[in-house]
Undergrad: 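There's a structure below that I have some questions on.
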There are 2 protein chains.
Amino acid sequence: MTPAEAVTALGALAQETRLALFRLLVQKGPQGLSAGAIGEALGILPSSLSFHLAQLSHAGLITQRRLGRHLYYAADFAAMNGLMAYLTENCCAGSAVCAPGCSPPISRTKGESHEAVSRSRQRR
Amino acid sequence: MTPAEAVTALGALAQETRLALFRLLVQKGPQGLSAGAIGEALGILPSSLSFHLAQLSHAGLITQRRLGRHLYYAADFAAMNGLMAYLTENCCAGSAVCAPGCSPPISRTKGESHEAVSRSRQRR
DNA sequence: GGCATAATTCTATTATTCTTGAAATGTGGA
DNA sequence: TCCACATTTCAAGAATAATAGAATTATGCC
């Protein structure tokens, strides 16, 4: 995860409608929800919904797939976990566990990145 | 954590300079760093630094304390964990563990909020 | 092909955010 | 008290993002 990617992802989530939308998809799981169902659940105009879906999609936080004439959107859990790992990376200089995803004080080979370690800890 | 608080926190992090600043503080741990040291590390103008520190502080993501004529800033780990818990709250409808902080399929008493459960899982 | 539904794209307007330099505040030491 | 240093506040301009409505594309069904 690059700084620019993280900023894009955080910016995508930093908006009331999009945050509600993303959390809705997180709670719905891998199956996701159609655009229409999302719009109905959140009560927003179709054009506005498309705009926000595009932001989240461009940020890599959600995926899109077609089922008949419906477009289904689902949260990308790997991306979400990657973002959280990026925020907590090398937390407290590795000397303490300050966060659920915080790097514990494991002795590491020189050159091995924290990011790689964080990634191996991801599930799904 | 309310939606508005989460949006404020995410918005505070959704900016290249502030994200680098926050991650720097996360890595420095509870002791933190003086404003001057942060400015030197990131190479930004004092006025710009103050602006960004104020954003993060207002969002509740960092704390401030004075030591002599220096102001020390440190990451607020409880706030960071709260934000991540909010994002992953009731993930996949509780039927699966999709994320490190995702609610596992625990049977809950009716009326007990997921937020309370998430909060009890926070450390520090 | 023609129609209805699902969703996106376009365009304009409004609102918010970032940057910079200058001025102001607060703190400790001579 | 006076000075130097650390940091914040202020003000103006430039850039970016959100909203709403109208028009467009894509799909499935008759």
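Every chain is numbered from 1 and lettered A, B, ... according to where its sequence line falls, protein lines coming before strand lines.
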Undergrad: Run the side-chain contact (heavy atoms from CB on, under 4.5 Å) test on B/Phe51 and B/Arg18 for me, step by step, so that the C-alpha distance in whole Å, both residues' side-chain angles and the decisive distance to 0.1 Å come before the verdict.
TA: CA-CA 10 Å; B/Phe51 172 76; B/Arg18 285 197 297 268; 4.1 Å; yes
Undergrad: Can you tell me the distance, in whole Å, between the CG atom of B/Leu49 and the P atom of D/dT9?
TA: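 From B/Leu49 CG to D/dT9 P: 12 Å.
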Undergrad: Has B/His52 got a side-chain N or O lying under 4.0 Å from the OP1 or OP2 atom of C/dT19?
TA: yes
Undergrad: Rounded off to whole Å, could you give me the CZ-to-C1' distance for the A/Arg65 and C/dA6 pair?
TA: 16 Å
Undergrad: In Å and rounded to the nearest 0.5 Å, what is the NE2 to CG distance from A/His52 to A/Leu42?
TA: 9.5 Å
Undergrad: Is any side-chain nitrogen or oxygen of B/Tyr73 closer than 4.0 Å to OP1 or OP2 of D/dT8?
TA: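 Yes, B/Tyr73 has a side-chain N/O under 4.0 Å of OP1/OP2 on D/dT8.
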Undergrad: Does the SG-to-SG distance between B/Cys91 and B/Cys98 fall under 2.5 Å?
TA: no
Undergrad: Which whole-number value in Å describes the distance from B/Gln15 CD to C/dT17 C1'?
TA: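 The distance from CD of B/Gln15 to C1' of C/dT17 comes to 9 Å, rounded to the nearest Å.
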Undergrad: Using 0.5 Å steps for rounding, measure from the CG atom of B/Leu83 to the OG1 atom of B/Thr8.
TA: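 With rounding to 0.5 Å, CG (B/Leu83) is 10.5 Å from OG1 (B/Thr8).
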Undergrad: Would you indicate which nucleotide in D/dA18, C/dT5, C/dC18 comes nearest to any side-chain atom of B/Arg18?
TA: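 Among the listed nucleotides, the one closest to the side chain of B/Arg18 is C/dC18.
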Undergrad: Please state how far atom CG in B/Leu71 lies from atom P in C/dG28, giving the value in whole angstrom units.
TA: 11 Å
Undergrad: In whole angstrom, give the distance that lies between atom NE2 of B/His58 and atom P of D/dT8.
TA: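 Distance check: B/His58 NE2 to D/dT8 P gives 16 Å.
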Undergrad: Identify, between A/Gly68 and A/Thr17, the residue whose nearest nucleotide on DNA chain D lies closer to the 5' end.
TA: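 Nearer the 5' end of the strand: A/Thr17.
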Undergrad: Taking A/Tyr73 as the fixed residue, which of A/Arg65, A/Gln64, A/Lys28 is the one that meets the side chain to side chain donor-acceptor pair (under 3.5 Å) rule?
TA: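 Of all the options given, the one that passes is A/Gln64.
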Undergrad: A/Tyr72 OH to D/dA26 P: how many Å, rounded?
TA: 21 Å
Undergrad: Out of C/dT8, C/dG26, D/dA18, which nucleotide sits closest to the side chain of B/Arg66?
TA: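 Selected nucleotide (nearest to the side chain): C/dG26.
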Undergrad: Rounded to the Å, how far apart are B/Leu56 CG and D/dT8 C1'?
TA: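 It is 16 Å, rounded to the nearest whole Å.
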Undergrad: Between B/His70 and C/dT27, does any side-chain N or O lie under 4.0 Å from OP1 or OP2?
TA: no
Undergrad: Given C/dG21, C/dT8, D/dA6, identify the nucleotide with an atom nearest to the side chain of B/Ser47.
TA: C/dG21
Undergrad: Could you give the CZ-to-P distance, from B/Arg69 to D/dT7, as a whole number of Å?
TA: 10 Å
Undergrad: Compare the minimum distances between each of C/dT8, C/dT19, D/dT19 and the side chain of B/Ser48, then state the nucleotide with the smallest one.
TA: C/dT19
Undergrad: Between C/dA6, D/dT19, D/dT7, which nucleotide has the shortest distance from any of its atoms to the side chain of B/Ser34?
TA: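 Minimum distance to the B/Ser34 side chain belongs to D/dT7.
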Undergrad: Which listed nucleotide (D/dT9, C/dT27, D/dG21) is nearest to the side chain of A/Leu45?
TA: D/dG21
